[in-house]
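Structure, as structure tokens:
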Amino acid sequence: MFETVREDLRTTLDEIRSAGLHKPERVIGTPQSASVAVTSGGAPGEVLNFCANNYLGLADHPEVVAAAKDALDRWGYGMASVRFICGTQEVHKELEARLSAFLGQEDTILYSSCFDANGGVFETLLGAEDAVISDALNHASIIDGIRLSKARRFRYANRDMADLEHQLKEAAAGGARRKLIVTDGVFSMDGYVAPLQEICDLADRYDAMVMVDDSHAVGFVGPGGRGTPELHGVMDRVDIITGTLGKALGGASGGYVAARAEIVALLRQRSRPYLFSNSLAPVIAAASLKVLDLLESAGDLREQLAANTALFRSKMTEAGFEILPGDHAIAPVMIGDAAEAARMAELLLERGVYVIGFSYPVVPMGAARIRVQLSAAHSTADVERAVAAFVDARAALATAGA
């Protein structure tokens with residue numbers, strides 16, 4: 001039986017490759033940083049890294065690494081248990097309290113990833129008599145989490161407040177008991193920021209709750225790095241914030257839900273990814289506490305990230321590349337054709353710049369791009385070198401296609 005399945009799978013894989021949609025995994029032989037050694041895929045050794053979520057450059061920060069080493073001695077390697085059995089240490093409770101205070105929420109619950117956090121919210125809070133209204137470009141984890149719930153599902157066009165209001169009216173007309181609006185704070189493929197003030201205004205008007213996945217914002221967006229609710233002045237109006245420890249907050253792994261106390265209390269009792277997954281490794285919890293310490297004085301890092309982002313966006317625009325508008329550190333360079341985006345990424349790697357081409361199904365068909373992600377760890381020279389590499393790779397691609 002499996003030989004038939006094997007042939008079907010091989011056919012599917014061949015189709016993926018021939019369409020230019022294959023996603024290779026390159027191997028890095030160094031810690032995550034502004035420069036890394038790529039040991040596969042034809043890289044010329046050490047290359048500039050412009051595709052990590054390491055927005056503040058904390059993934060290899062010496063104080064974070066030292067905190068992790070100390071935590072191994074004090075707390076051990078892993079918990080070998082879920083939280084409600086024997087998987088809760090003091091360090092887990094301390095991190096939850098710190099995240100609550102930092103994000104301006106009443107309580108926080110930790111998960112092994114933000115994917116799990118989003119997967120554990122909707123089924124717990126919403127039933128068949130409820131409605132969830134979701135932005136069309138929300139992260140896959142939100143989409144999958146919504147599918148697990150029995151709530152009625154409504155979708156509004158990306159950041160379209162008129163459509164959101166229409167969907168809220170539809171949910172209300174259907175007699176929904178609870179209505180939950182859910183949006184990414186920053187949409188990861190585009191770098192667009194959700195209009196949270198307008199969303200909260202509509203939520204107030206139609207008696208809905210608001211949930212924000214702020215994974216690509218917490219740590220560096222907003223005056224104090226508290227994310228898009230702080231940026232838009234609505235920290236006290238967002239009911240649920242989900243996020244990750246795996247991007248700006250050190251870049252390891254782990255996620256969280258920060259929310260009203262009653263929401264978190266119910267998640268502890270009924271959220272399946274929380275109840276049936278091992279606790280977050282204590283070394284990650286302890287290192288994340290050090291990251292939160294560093295964020296208190298990280299204004300210079302946020303300023304450096306903003307300067308790098310502005311420089312890259314302006315230089316690339318001057319060079320004639322199409323960059324999606326905005327000022328976020330996610331700077332998508334639009335290519336269109338999937339195979340061309342993949343080839344461009346290969347040419348850039350050969351020129352010492354590590355980036356990734358994104359194509360369907362990660363982005364819509366025909367909207368392939370190279371998603372460049374800036375970091376505070378990049379220097380001005382790094383950014384200028386990346387722009388020059390793009391220009392040179394574009395010329396090489398044009399010559400090859402002539």
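Heavy atoms only: backbone and side chains are in, while hydrogens, waters and symmetry mates are out.
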Item checked: Smallest separation among heavy atoms of Leu295 and Leu249, with atom names ->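 Result for this residue pair: CD1-CD2, 3.5 Å.
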Margin query: So which atom in Ala67 and which in Lys290 form the shortest heavy-atom distance, rounded to 0.1 Å?
Written below: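 What the structure gives for the nearest pair is CB-CB, 3.7 Å.
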Next item on the list: Report the relative orientation of the aromatic rings in Phe50 and His378; use parallel for angles under 30°, tilted for 30 to 60°, perpendicular for over 60°.
Entry: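 Because their plane-to-plane angle is under 30°, the rings of Phe50 and His378 count as parallel.
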Next item on the list: Assign the ring pair His328 / His216 to parallel, tilted or perpendicular, where the plane angle (0 to 90°) is split at 30° and 60°.
Entry: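 It falls in the perpendicular class, over 60°.
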Does the side chain of [Y] come within less than 4.5 Å of [X]'s, by heavy atoms?
X	Y	result
Phe122	Arg147	no
Val182	Asp213	no
Thr380	Leu311	yes

Next item on the list: Is it possible for you to check whether Arg26 lies under 6.0 Å from the centre of the six-membered ring of Tyr354, through NZ or CZ, and within 45° of that ring's axis?
Entry: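 Judged by the rule (NZ or CZ under 6.0 Å from the ring centre, within 45° of its axis), Arg26 is not positioned above Tyr354.
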Checklist line | Exercise: do Asp382 and Ser379 side chains pair donor with acceptor under 3.5 Å | finding: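 Yes, a side-chain donor-acceptor pair sits under 3.5 Å.
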Any donor-acceptor N/O pair, [X] side chain to [Y] backbone, under 3.5 Å:
X	Y	answer
Asp337	Ala341	no
Asn138	Asp184	yes
Asp239	Met209	no

Before accepting this row, confirm whether a basic side-chain N of the pair [X]/[Y] lies closer than 4.0 Å to the acidic partner's carboxylate O.
X	Y	value
Arg155	Asp163	no
Glu96	Lys93	yes
Asp392	Arg385	no
Glu3	Arg6	yes

Margin query: Counting only heavy atoms not in Arg270 (residues, nucleotides, ligands), do more than 12 fall under 6.0 Å from its CZ?
Written below: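 It does not: Arg270 CZ has 12 such atoms or fewer within range.
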Checklist line | From CA spacing to verdict: side-chain hydrogen bond (donor to acceptor under 3.5 Å, both in side chains), Asp300, Gln304 | finding: CA-CA 6 Å; Asp300 57 334; Gln304 181 64 47; over 6 Å; no
